[in-house]
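Some notes on the structure that comes next.
Along the sequence shown, residues carry numbers from 1. Counting starts at 1 for both ligands and their atoms, following the listed order.
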Amino acid sequence: MKENRPEAPPKVKQQLRQEAGFGCCHCGHPFIQYHHIIPWAEDNHFRPDDMMVLCGQCHHLCTVGAITQSDQRKIKAKPRNIVDDLVRGMLYVNTQNLSVNLAGGKAVETPNLINLSGVTVLSAKRDEEHGRILISAMIHDKSGNVVATLRENEWSMAPNAVWDFETYPLHSKIRLAPYDIAFAVDVRNEELNLQGKWFHKGIEINFSPSKATIGSNVIKSLNAWHCNTMLSVS
Ligand SMILES: [Zn+2]
């Protein structure tokens, strides 16, 4: 009957992700599933108090009873990422095609996407050895604090710096509030789609595939073909 079970409501999922520090409560892995501590078969519920997030492997340990219900409660009370004050994970990229939809145009074979006062804050370059695409972003808030970093596809952030972090092998999204997307990266097709809104030294950077705003500069149609940098503001 598991196939007919409805999905947990988005609000419940977000609450569970946030309380867990955006990773498996047991091991911290950021690719997660939603576990019923009180099994769905016993009680058709979506009570956050009786649910938790786990990775596939730890979820299996709980469903077969290798991790008991009382131990599950202990794990839920002290999630690994909250204890460590760190969320880490990899963004897997399935393409070698370095083409980015950004600012109403395309950056083709152009590794530095946004450069501010000589600092590259967003880039997508090719790994010379394997040809894979490596994406980097330095996400700061208005006060200059680091919210999150994506360094050559490796995520790192403190769980309390963000409101929600959803990550899957080919797409990730960080939100600072319900409709406030700080960074979204999607590589599910052959091209990279990037969206974000953050600050660099007090200057707001706001970009999507259709446009970009850097401070007071609005960019709506920009193409870069085999350049070093797509968008540079000094
Ligand atoms: Zn786990």
Discussion item. Taking salt bridge (Lys or Arg N to Asp or Glu O under 4.0 Å) as the cut-off, I'd like each qualifying pair that reaches into residues 53-68, sequence neighbours left out, listed once.
Written reply: none

Item to complete: Flag the pair Lys13 and Glu166 as a salt bridge only when some basic side-chain nitrogen lies within less than 4.0 angstrom of an acidic carboxylate oxygen.
Response: no

Item to complete: For the Zn ion (ligand 1), count the protein N, O or S atoms found under 2.8 Å away.
Response: 4

Worksheet, complete the sentence: Only residue of Asp127, Asn153, Leu134 satisfying side chain to side chain contact (heavy atoms under 4.5 Å, CB included) with Val93 is Asn153

Worksheet item: How about Gln72 and Leu61: do any of their side-chain heavy atoms sit closer than 4.5 Å?
Response: no

Item to complete: Taking only Lys NZ, Arg NE, NH1 and NH2, and the carboxylate oxygens of Asp or Glu, determine whether Arg188 and Asp186 approach each other closer than 4.0 Å.
Response: yes

Worksheet item: When the ring centroid of Phe46 is compared with that of His36, is the distance short of 6.0 Å?
Response: yes

